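The model shown is predicted, which means the values in this text are computed figures rather than measured ones. Keep in mind that the numbers below use all heavy atoms, side chains included, and drop hydrogens, waters and symmetry copies. For this chain, numbers begin at 1 and follow the sequence in order.
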Amino acid sequence: MTIATTRTLKTVLFMGSARDITPPWGGPSRLGDGILKWAKSKISKRSSSLGDIKEITHELTVFDPLEVFGEGGALEKSGAEVKTPHFFFKAGEAPAAMDSMAETIKAADCFLVVAPEYNHTLPSALSGMINHFGGSLYAFKPSGIITYSPSPYGGSRAAAALRPFLSELGCLPVSKMACFSTVGDIFHGDGTVKDESHRQLKQLDDLLNQLEWFAIACANQRDASGVP
């Protein structure tokens, strides 16, 4: 048996926030833009190894609710309230952009979620986006949780709510999480880091190490068992 020496994982990242208004106390209209851009850059540039695989990279697709539910977006007509979920359409009847989004999710090897904490739980834009698609598209693949907050808790309560949510979809989250507290003190809005030595930055590499291990294991088993 020939073992591939390189592996490119098809990775889908769901952004959790659709906020588009500046808070009364000032600051950016969406606090998560900085961490989202940083995560996208880190993941896209990442190269790691595992066992006989000398290089693991990511082919990253990002689904942002501001775009997905926005004008011309894949889920524009259905909305975050999930008026017309994809799995209710007969084959060939769903909007083309929605079908394309479904195919990208189905083809993924693993998932990441970047989410804030709204009322101590996950945002409705995130659950609405993900819930448009049936669990079979997510099944037998791992996921990773990244949360953020202006508070000291780093969105950890949203992370706790995401664990059963993702598990019921079949994309079980790895144990490592990346929870960023006082996130505005860590990232600029353009995704650059204010202090490269900040201890919280190490969380993403630890999460991705686990995610890649499980993504490759799950992909190998899907291939061996004929699971699409």
Side-chain angles (χ1 to χ4, degrees), residues 10-20 30-33 35-36 39-40 60-149 155-174 177-179 207 211 214-215 218 222 227-228:
K10 294 181 179 179
T11 305
V12 168
L13 186 156
F14 294 101
M15 176 56 176
S17 173
R19 201 178 77 185
D20 193 21
R30 187 167 70 168
L31 185 60
D33 281 343
I35 187 172
L36 174 63
K40 285 166 59 177
L60 183 65
T61 300
V62 176
F63 290 127
D64 185 330
L66 285 178
E67 298 171 0
V68 170
F69 295 123
E71 185 176 353
L75 307 177
E76 175 190 8
K77 293 184 179 179
S78 183
E81 60 267 45
V82 199
K83 290 181 287 189
T84 56
H86 181 264
F87 52 86
F88 272 40
F89 286 98
K90 294 180 180 178
E93 292 185 356
M98 186 185 282
D99 268 340
S100 177
M101 187 171 175
E103 286 302 317
T104 300
I105 294 170
K106 182 178 180 180
D109 293 302
C110 55
F111 303 99
L112 284 162
V113 173
V114 175
E117 181 177 293
Y118 286 3
N119 290 332
H120 300 176
T121 190
L122 60 151
S124 55
L126 176 64
S127 58
M129 180 165 52
I130 291 175
N131 280 334
H132 271 84
F133 306 97
S136 63
L137 302 189
Y138 302 97
F140 305 110
K141 305 164 189 176
S143 60
I145 297 170
I146 304 168
T147 59
Y148 63 92
S149 172
S156 57
R157 290 166 294 198
L162 277 164
R163 283 198 169 280
F165 177 76
L166 294 169
S167 295
E168 288 300 324
L169 287 171
C171 52
L172 276 67
V174 298
M177 299 189 298
C179 299
L207 185 160
L211 186 72
F214 281 101
C218 288
R222 289 199 309 274
V227 174

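Val62 has its side chain out of reach of Val114: every pair of non-hydrogen atoms, C-beta onward, lies at least 4.5 Å apart. At least one side-chain heavy atom of Ser17 sits less than 4.5 Å from a side-chain heavy atom of Tyr148. No side-chain heavy atom of Met15 sits less than 4.5 Å from a side-chain heavy atom of Leu66. Two residues are said to be in side-chain contact when any heavy atoms from C-beta on lie closer than 4.5 Å; Leu75 and Met98 meet this criterion. Side-chain contact between Lys106 and Phe133 is absent, with no heavy-atom pair separated by less than 4.5 Å. For the pair His132/Val68, no side-chain contact is recorded, criterion being any heavy-atom separation below 4.5 Å from C-beta on.
In this structure, Ala158 and Pro116 approach most closely via the heavy-atom pair CB-O, 3.6 Å. When all heavy atoms of Cys110 and Thr11 are compared, the closest pair comes out as SG-OG1, 3.4 Å. When every heavy atom of Asp109 is checked against every heavy atom of Ala215, the shortest pair comes out as O-CB, 3.9 Å. Nearest heavy atom pair, residue Asp33 against residue Arg30, reads OD1-NE, 2.7 Å. The two residues Gly16 and Ala125 come nearest to each other via the heavy atoms O-CB, 3.9 Å. Closest non-hydrogen pair, Lys77 versus Lys83, comes out as O-CE, 3.2 Å.
Note that CZ of Arg163 and CG of Leu122 are 13.5 Å apart. Values are rounded to the nearest 0.5 Å. Residue Glu67 holds its CD atom at 13.0 Å from CD of Glu76, rounded to the nearest 0.5 Å. Atom CZ of Phe63 is separated from atom CE of Met129 by 8.5 Å, given to the nearest 0.5 angstrom. Annotation: the span from Asn131 atom CG to Phe165 atom CZ amounts to 4.5 Å, rounded to 0.5 Å. In this structure, CG on Leu162 lies 9.5 Å from CE on Met177, to the nearest 0.5 angstrom. A distance of 11.5 Å separates CG of Leu112 from OG1 of Thr61, quoted to the nearest 0.5 Å.
Thr121 contributes no side-chain N or O that, together with a main-chain N or O of Ala161, makes up a donor-acceptor pair within less than 3.5 Å.
A salt bridge does not link Asp64 to Lys40: none of the charged side-chain nitrogens sits closer than 4.0 Å to a carboxylate oxygen.
With a 6.0 Å radius and a threshold of 12 heavy atoms from other residues, nucleotides or ligands, Phe89 has its CZ atom above the threshold.
The ring-ring contact (aromatic ring centres under 6.0 Å, His included) test with Phe111 singles out one residue from Phe214, Phe140, Tyr138, and that residue is Tyr138.
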**Request:** For side chain to side chain contact (heavy atoms under 4.5 Å, CB included), just list the numbers for His86 and Asp99, CA-CA rounded to whole Å, side-chain angles, deciding distance to a tenth of an Å, and then say yes or no.
**Result:** CA-CA 8 Å; His86 181 264; Asp99 268 340; 2.7 Å; yes
